[in-house]
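Report on the structure given below.
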Number of protein chains: 2
Amino acid sequence: MTDTPPQTRIQARNRAAILEAALEVFAARGFRGATLDRIAQAAGLSKPNLLYYFRSKEALHLAILQDLLELWLAPLRAMDPEGEPRAQIMGYVRKKLEMSRDHPRESRLFANEILQGAPRARPVLEGELKALVDEKAAVISGWSAAGRIGPVDPHHLIFSIWALTQHYADFEVQVRAIMGDTDPYPGAEAWLERVFGAILDIPHHGP
Amino acid sequence: MTDTPPQTRIQARNRAAILEAALEVFAARGFRGATLDRIAQAAGLSKPNLLYYFRSKEALHLAILQDLLELWLAPLRAMDPEGEPRAQIMGYVRKKLEMSRDHPRESRLFANEILQGAPRARPVLEGELKALVDEKAAVISGWSAAGRIGPVDPHHLIFSIWALTQHYADFEVQVRAIMGDTDPYPGAEAWLERVFGAILDIPHHGP
DNA sequence: GACCGATTTGACCGCTCGGTCAAAATCACG
DNA sequence: CGTGATTTTGACCGAGCGGTCAAATCGGTC
């Protein structure tokens, strides 16, 4: 996804297997909790063989993180300033919840990175991410000022979308412990529709 | 906070120093990322001396986690079924946000535990926490059915409170990266007031 | 100040981990 | 089938880790 140096069939297969295995292990145990032995085993390789494809644990983690950040930022990028405000925001919410449901490991890997102080992702956060968020915040701000959605703080609105959607992936264990065997997602979808509907509503006056 | 076996002055001082240091280190680096050497050093002790007070890393982590869970559950326990619904829920939100601001390390330690699949906290989640949440959810459900607050899914409402408030502690690095030097908390407080105000509102019918 | 339990320490152990390396096995291709 | 490059492996290293232990030191009490 980043660059594509000359790849043999074997390389393509093994790199993919390693990235998949590493995503699994890093997400479940964090950077320091993950071991190369475990990742290699999950990928069906020996540890030295894994290190033939990725120079170091660090490099492997970074490769995953970079791919991940693209996936993560795409839906926000897709928010269209020319579109209908409510549809654009609700679409982003829906997409983000889908990603929590379909890519919980990616979400947890990212959460791990941030929780530990973003030692590897910090530059991207302060650069690319901040720029993108500021840009979209300005758009939302415009919509709000034009009265096309209710009064909102655009930055905190975006934080809220992240928090509410990612919660279902990152804290899945807790959610499941409380909801029992019930699948939380149909409920969550309806609930977030309701929540952001209320937030974006243009307040009426009087009874 | 849990039990109080005979304690000398020295014991009290050192145990407190260790717990404080361990909270710091566990929150910042996770269970596996934390080392006893580092914790001991932060507490001003040698590693064997630390182990004189806590049998093992595991035991130390557990001691912190238990104290933490009490602190964590208290505000939800304090929600009064006899009180005014909006005030009770908004009070809980406010209290929870305060805790993110004043105890971010506790929040991150807890988040770390859940992210890793709650290997140590699972029983509490499925027992005490689930019971408490179900109880309060029933209360909220009653309020909603009585028309004293708008229609809400009580479980998802509680998840939302957790997600929105804890986000400011757990993802602090990201929030700060985007907000620059601005203190996020005054804004967050006003925003959450606005958000939950809208959610709990009893919907009017069109003009 | 002598005594005894509480506290502290330095040396050490066994294990795991990330990473290296040279040799072996495999593969692609003429 | 031969050959050179690619891929794989087993043996190994050094550092860091959690934890142990016996000996030393300290602190309160008579």
Side-chain angles (χ1 to χ4, degrees), chain A residues 3-65 109 112-113 116-117 119-120, chain B residues 3-65 109 112-113 116-117 119-120:
Chain A
D3 52 349
T4 315
Q7 287 245 347
T8 74
R9 202 165 52 260
I10 292 181
Q11 261 181 34
R13 173 170 46 87
N14 283 349
R15 290 185 80 97
I18 291 170
L19 288 171
E20 158 66 23
L23 172 61
E24 182 76 26
V25 177
F26 277 135
R29 348 240 314 183
F31 181 78
R32 309 231 13 199
T35 73
L36 289 183
D37 272 311
R38 220 183 174 89
I39 295 171
Q41 193 188 342
L45 302 173
S46 66
K47 183 174 61 172
N49 199 6
L50 186 158
L51 285 165
Y52 172 74
Y53 290 98
F54 292 89
R55 257 170 273 257
S56 67
K57 190 183 184 182
E58 190 71 32
L60 174 55
H61 190 265
L62 212 64
I64 291 190
L65 209 53
L109 177 54
N112 250 308
E113 169 71 9
Q116 315 290 324
R120 285 162 271 272
Chain B
D3 51 348
T4 316
Q7 289 244 348
T8 75
R9 201 164 52 260
I10 293 180
Q11 260 179 37
R13 172 172 45 87
N14 282 348
R15 291 183 78 98
I18 292 170
L19 288 171
E20 158 66 22
L23 173 62
E24 183 77 25
V25 178
F26 277 135
R29 345 241 314 185
F31 182 77
R32 307 233 11 202
T35 74
L36 290 183
D37 272 310
R38 219 183 174 92
I39 296 171
Q41 193 188 341
L45 302 173
S46 65
K47 183 174 60 172
N49 199 5
L50 186 158
L51 285 165
Y52 172 75
Y53 291 99
F54 293 89
R55 255 171 274 255
S56 66
K57 189 183 185 182
E58 188 73 32
L60 174 55
H61 189 265
L62 212 63
I64 292 189
L65 208 54
L109 178 54
N112 250 308
E113 169 70 10
Q116 315 290 324
R120 286 163 270 272

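Here is the naming used below: chain letters follow the sequence lines, and residue numbers restart at 1 for every chain.
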Exercise. Mind calculating the distance between OH (B:Tyr52) and P (C:dG5) to the nearest angstrom?
Key: 13 Å

Exercise. Could you grab the distance from atom CG of B:Leu19 to atom CD of B:Glu24, nearest 0.5 Å is fine?
Key: 13.5 Å

Quiz item: Is any side-chain N or O of B:Ser46 closer than 4.0 Å to OP1 or OP2 of C:dT9?
Solution: yes

Quiz item: What are the two closest non-hydrogen atoms of B:Ala22 and B:Ile64, and how far apart are they?
Solution: CB-CD1, 3.4 Å

Quiz item: Rounded to the nearest Å, what distance is computed from the CG atom of residue A:Asn49 to the C1' atom of nucleotide C:dA23?
Solution: 15 Å

Practice problem: Report the distance from atom CD1 of B:Ile39 to atom CD of B:Glu20, rounding to the nearest 0.5 Å. | Solution: 11.5 Å

Quiz item: Could you write nucleotides 15-30 of chain D as a row of B, S and -, 5' to 3', where a protein heavy atom under 4.0 Å of any base atom gives B, of only sugar-phosphate atoms gives S, and otherwise -?
Solution: --SBBBB------S--

Quiz item: So A:Arg38 and A:Arg29, side-chain contact (heavy atoms from CB on, under 4.5 Å) or not? Walk me through it.
Solution: CA-CA 11 Å; A:Arg38 220 183 174 89; A:Arg29 348 240 314 183; 3.3 Å; yes

Quiz item: Which whole-number value in Å describes the distance from B:Leu45 CG to C:dT7 P?
Solution: 12 Å

With a cut-off of 3.5 Å and sequence neighbours excluded, list every side-chain donor-acceptor pair involving residues 45-63 of chain B.
| residue | atom | partner | partner atom | Å |
| --- | --- | --- | --- | --- |
| B:Ser46 | OG | B:Asn49 | N | 3.4 |
| B:Tyr53 | OH | B:Asn14 | ND2 | 2.9 |
| B:Ser56 | OG | B:Ala59 | N | 3.1 |
| B:Lys57 | NZ | B:Phe31 | O | 2.9 |
| B:Lys57 | NZ | B:Ala34 | O | 2.7 |
| B:Glu58 | OE1 | B:Arg120 | NH1 | 3.3 |
| B:Glu58 | OE2 | B:Arg120 | NH1 | 3.2 |
| B:His61 | ND1 | B:Arg120 | NE | 3.3 |

Quiz prompt | Spacing of B:Asn112 atom CG and B:Arg32 atom CZ [to the nearest 0.5 Å] | solution = 13.0 Å

Practice problem: With heavy atoms under 4.0 Å as the rule, sort B:Tyr53 into base, sugar-phosphate or nothing. | Solution: sugar-phosphate

Practice problem: Could you tell me the separation between the CD atom of A:Gln11 and the P atom of D:dA5, rounded to a whole number of Å? | Solution: 16 Å

Quiz item: Atom CD of A:Gln41 to atom P of C:dG18: distance rounded to whole Å?
Solution: 13 Å

Practice problem: Please report, rounded to the nearest Å, how far the P atom of C:dT9 is from the CG atom of B:Leu50. | Solution: 12 Å

